[in-house]
Amino acid sequence: MTFRQLVAGSVHDAAPALVGWTLLVDGVGGRIVEVEAYAPDDPASHSFRGKTARNGVMFGPPGRLYVYRSYGIHWCANVVCEQPGTAAAVLLRALEPTHGLDRMRGRRGVTEARLLCSGPGRLTQALGLTGADDGADLSLPPFELVPPAARATVDATPRIGITRAAEVPWRFVERGSSWSSRARRAA
DNA sequence: CAGTGGATGCTCT
DNA sequence: GAGCATCCACTGT
């Protein structure tokens, strides 16, 4: 399954399938260990009330980055899925850092590996992603997506930090990973 | 530790 | 003018 094929399908299939892929931006990044699905007709999705200047990329072709500013401070990055017009995306919530840790440390201003990419705002800062990357094609440099050797084992849980449709289990975490944004108590 | 609140800006009502 | 798909520092145990 190629990246292009994966993101062209339903976001409900694509989101868990993206866990385990390695995302690199200019050679810096890591293994995707936590994502959330934002589906068409999903009250928690930015696209729910129709196309606007901010969410326009969500309505376009799959495999693009949708980047938006969160709480006035952070950037959050999504992978657009499904066919043009459907407006679905996968929020990247955490990576296990594997490549370019020193560049991430420089951008983040912290040294502890656990704090580099464990959270959507941290992840974008570590990879250097901003609103300037909104709409970028993830199949072209400087982006690189490397499939996992074997499909990861994934747990589904409720999404984080939302109020509407908070009960559907559309957050997907690699089982046993200690790099997710809510792994503080995990063994 | 756990819980709380401030920072900060943009989008949409 | 409200409400965020967040993070971090600070409080009180």
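- Proximity of A:Val19 to A:Val35: side-chain heavy atoms (C-beta onward) are separated by under 4.5 Å at one or more points.
- Rounded to whole angstrom, the span from the CD1 atom of A:Ile162 across to the C1' atom of C:dT6 amounts to 14 Å.
- Between A:Asp155 and A:Arg171 there is no salt bridge, since no side-chain nitrogen of the basic residue lies less than 4.0 Å from a carboxylate oxygen of the acidic one.
- Within the 4.0 angstrom heavy-atom criterion, no nucleotide atom of any strand lies near A:Arg164.
- C:dA5 and B:dG3 are spaced 23 Å apart, taking the P atom of each and rounding to whole Å.
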Item to check | Criterion side chain to side chain donor-acceptor pair (under 3.5 Å) on A:Ser181 and A:Arg93, from CA distance to verdict | outcome: CA-CA 7 Å; A:Ser181 65; A:Arg93 288 196 55 92; 3.2 Å; yes
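- The side chain of A:Arg122 lies closest to C:dC8, out of C:dC8, B:dA7, C:dT6.
- For CG of A:Asp137, the number of neighbouring non-hydrogen atoms (other residues, nucleotides, ligands) closer than 6.0 Å is greater than 12.
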Check: protein-nucleotides 10-13 of chain B nitrogen or oxygen pairs below 3.5 Å:
{"unit_1": "B:dC12", "atom_1": "OP1", "unit_2": "A:Thr52", "atom_2": "OG1", "d": "2.2"}

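- Nucleotide B:dT8 holds its C1' atom 5 Å from the CD1 atom of A:Ile73, rounded to whole Å.
- Of the possible donor and acceptor atoms, none in the side chain of A:Ser47 sits under 3.5 Å from a partner among the backbone N and O of A:Gly50.
- Salt-bridge check for A:Arg31 with A:Glu174: passed, with a basic side-chain N closer than 4.0 Å to an acidic carboxylate O.
- Protein atom CD of A:Glu112 is 11 Å distant from nucleotide atom P of C:dC8, rounded to whole Å.
- For the pair A:Arg159 and A:Tyr38, the cation sits on the ring face: its NZ or CZ lies under 6.0 Å from the ring centre, inside 45° of the axis.
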Item to check | Verdict with supporting geometry, A:Ser10 and A:Glu82, side-chain contact (heavy atoms from CB on, under 4.5 Å) | outcome: CA-CA 6 Å; A:Ser10 162; A:Glu82 308 194 8; 3.9 Å; yes
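- Rounded to an integer number of Å, the gap from A:Leu91 CG to C:dC4 C1' is 14 Å.
- A side-chain donor-acceptor contact under 3.5 Å links A:Trp21 to the backbone of A:Ala17.
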Checklist entry - What pattern of brackets, bars and dots sums up DNA chain C from 5' to 3', given Watson-Crick or G-U wobble pairs under 3.5 Å, [ ] for crossing pairs and | for another strand? => result ||||.|||||||.
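- To the nearest angstrom, P of C:dC7 lies 13 Å from CG of A:Leu116.
- Position along DNA chain C of the nearest nucleotide to A:Leu115 versus A:Tyr38 favours A:Tyr38 as the more 5'-ward residue.
- Residue A:Tyr71 places no side-chain atom within donor-acceptor reach of the base of B:dA7, judged by atom type and a 3.5 Å distance cut-off alone.
- Side-chain nitrogen and oxygen atoms of A:Thr163 include at least one within less than 4.0 Å of the OP1 or OP2 phosphate oxygen of C:dC4.
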